[in-house]
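The structure appears right after this line, and notes come after that.
On a predicted model such as this, the values are computed, not experimentally measured, just so you know.
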Amino acid sequence: MARVYLSLGSNINRCEHLSAGLDALVREFGDLQMSQVYESEAVGFEGDNFYNLVAAVETDLPVGELALRLRQIEDDNGRLRSGPKFSARTLDIDILTYDDRAGDVDGVTLPRDEILKNAFVLLPLSELAPDSVHPVEGKTYQQLWDEYDQALQKLWPVEFDWP
């Protein structure tokens, strides 16, 4: 079984879509672990604030099949793909890491570069897996968060009730 870290985000009916996404992940993979939920400003476009979190699942699915299943969960939650890349979305689920795989795997770049670029990915990942090591950087996610310029992006924890 591979340990996979996923980033989830939404800025349209945020609680509804994040809850639905988490429910779908539980149906698909069983138990999951999740970070605290954080609110952040939209990055790359003007829009409503996002709710973001990181979840960990265990799976035997190959990376490509996992990506297709996650895409279906997004689609089931009304994700529109016809607009610009950076735009509002009901649900976004990205594979951050798949065990310690690195490089292009089944058309998915691992580890995802947003880990090092976006506070709304790195902070919840460092919270959920502080001692896990980034497969390329060779540093723990806690070390990477400690070194991150935390003034670059504002984010704050929010109350999020999900079973």
Side-chain angles (χ1 to χ4, degrees), residues 2-29 32-59 61-99 101 104-129 132 134 141 144-145 148 152-163:
R3 179 133 180 110
V4 179
Y5 289 100
L6 305 169
S7 174
L8 287 80
S10 174
N11 76 334
I12 299 172
N13 297 328
R14 301 174 299 191
C15 290
E16 172 189 338
H17 289 112
L18 280 183
S19 292
L22 291 166
D23 290 343
L25 291 175
V26 168
R27 283 192 303 276
E28 186 74 34
F29 304 106
L32 62 83
Q33 294 177 301
M34 62 181 266
S35 70
Q36 184 165 342
V37 175
Y38 291 90
E39 184 171 358
S40 66
E41 296 173 345
V43 173
F45 70 99
E46 293 291 323
D48 293 334
N49 288 354
F50 276 80
Y51 277 3
N52 297 281
L53 66 105
V54 169
V57 300
E58 304 276 335
T59 185
L61 293 175
V63 173
E65 191 173 333
L66 173 62
L68 290 174
R69 299 249 181 118
L70 298 175
R71 185 178 177 100
Q72 185 60 55
I73 293 170
E74 292 173 338
D75 291 347
D76 291 346
N77 279 276
R79 172 76 184 265
L80 301 177
R81 300 182 192 280
S82 59
K85 178 179 178 180
F86 295 108
S87 61
R89 52 198 57 175
T90 55
L91 185 63
D92 186 36
I93 307 175
D94 295 317
I95 302 170
L96 299 177
T97 64
Y98 186 100
D99 280 340
R101 304 281 297 270
D104 184 282
V105 182
D106 299 337
V108 177
T109 302
L110 295 171
R112 192 164 180 91
D113 64 349
E114 279 87 352
I115 294 171
L116 302 176
K117 293 180 181 177
N118 293 315
F120 60 82
V121 175
L122 183 55
L123 176 57
L125 182 57
S126 72
E127 174 186 305
L128 190 58
S132 293
H134 187 282
Y141 295 114
L144 291 170
W145 176 247
Y148 185 84
L152 286 177
Q153 297 174 354
K154 293 183 172 137
L155 70 159
W156 50 98
V158 296
E159 291 295 322
F160 179 77
D161 291 324
W162 179 75

Flag side-chain contact, heavy atom, 4.5 Å: Tyr98 against Val105 | no
Please report the closest heavy-atom contact between Asp106 and Val63, naming both atoms and the distance.
-> OD2-N, 3.5 Å
All heavy atoms of Gln36 vs all of Pro124, minimum pair found to be O-CB, 4.4 Å
Could you walk me through whether Tyr141 and His134 pass the side-chain contact (heavy atoms from CB on, under 4.5 Å) test, one step at a time?
-> CA-CA 7 Å; Tyr141 295 114; His134 187 282; 3.8 Å; yes
Leu128 side chain near Met34 side chain, heavy-atom distance below 4.5 Å = no
Steps toward side-chain contact (heavy atoms from CB on, under 4.5 Å) verdict (Asp94, Leu70) = CA-CA 8 Å; Asp94 295 317; Leu70 298 175; over 6 Å; no
Do you know which two heavy atoms are closest between Leu91 and Gly21, and how far apart they sit?
-> CD2-CA, 3.8 Å
Would you call Tyr148 and Leu123 a side-chain contact if the rule is heavy atoms closer than 4.5 Å?
-> no
Mind checking the CG-CD spacing from Leu155 to Glu41? Nearest 0.5 Å is all I need.
-> 10.0 Å
State whether the side chain of Asp92 and the backbone N or O of Gly9 hold a donor-acceptor pair below 3.5 Å, judged by distance alone.
-> no
What one should report as the nearest heavy-atom pair of Asn49 and Ala42 is OD1-N, 4.4 Å
Derivation of the side-chain contact (heavy atoms from CB on, under 4.5 Å) call for Leu18 and Phe160 = CA-CA 10 Å; Leu18 280 183; Phe160 179 77; 3.7 Å; yes
With a cut-off of 6.0 Å (strictly less than), are more than 12 heavy atoms of other residues, nucleotides or ligands near CZ of Arg3?
-> yes
When rounded to the nearest 0.5 Å, the distance separating CG of Asp76 from NE2 of His17 is 10.5 Å
Gap between atom NZ of Lys117 and atom CD of Gln153 - 0.5 Å precision = 11.0 Å
Give a yes or no on whether Asp104 atom CG has more than 12 heavy-atom contacts from other residues, nucleotides or ligands under 6.0 Å away.
-> yes
Shortest non-hydrogen contact from Ala129 toward Tyr5 = CB-OH, 3.3 Å
Quick one: CD on Glu114 to OG on Ser7, what's the gap to the nearest 0.5 Å?
-> 8.0 Å
Gap separating the CD atom of Glu74 from the CG atom of Leu8, nearest 0.5 angstrom = 8.5 Å
Flag side-chain contact, heavy atom, 4.5 Å: Leu125 against Leu144 | no
Can you name the closest pair of heavy atoms from Asn52 and Ser40 and give their distance?
-> ND2-OG, 3.0 Å
Answer whether the closest heavy-atom distance between the side chains of Leu53 and Leu22 falls below 4.5 Å.
-> yes
Evaluate the criterion side-chain contact (heavy atoms from CB on, under 4.5 Å) for residue pair Asp75 and Gln72; output intermediate values, then yes/no.
-> CA-CA 5 Å; Asp75 291 347; Gln72 185 60 55; 4.2 Å; yes
Non-hydrogen side-chain atoms of Val108 and Leu66 separated by less than 4.5 Å = no
Taken to the nearest 0.5 Å, the spacing of Leu96 CG from Asp113 CG works out to 10.5 Å
Does the side chain of Asp23 come within less than 4.5 Å of Trp162's, by heavy atoms?
-> yes
Do Val54 and Glu127 come close enough that some side-chain heavy atom pair is under 4.5 Å?
-> no
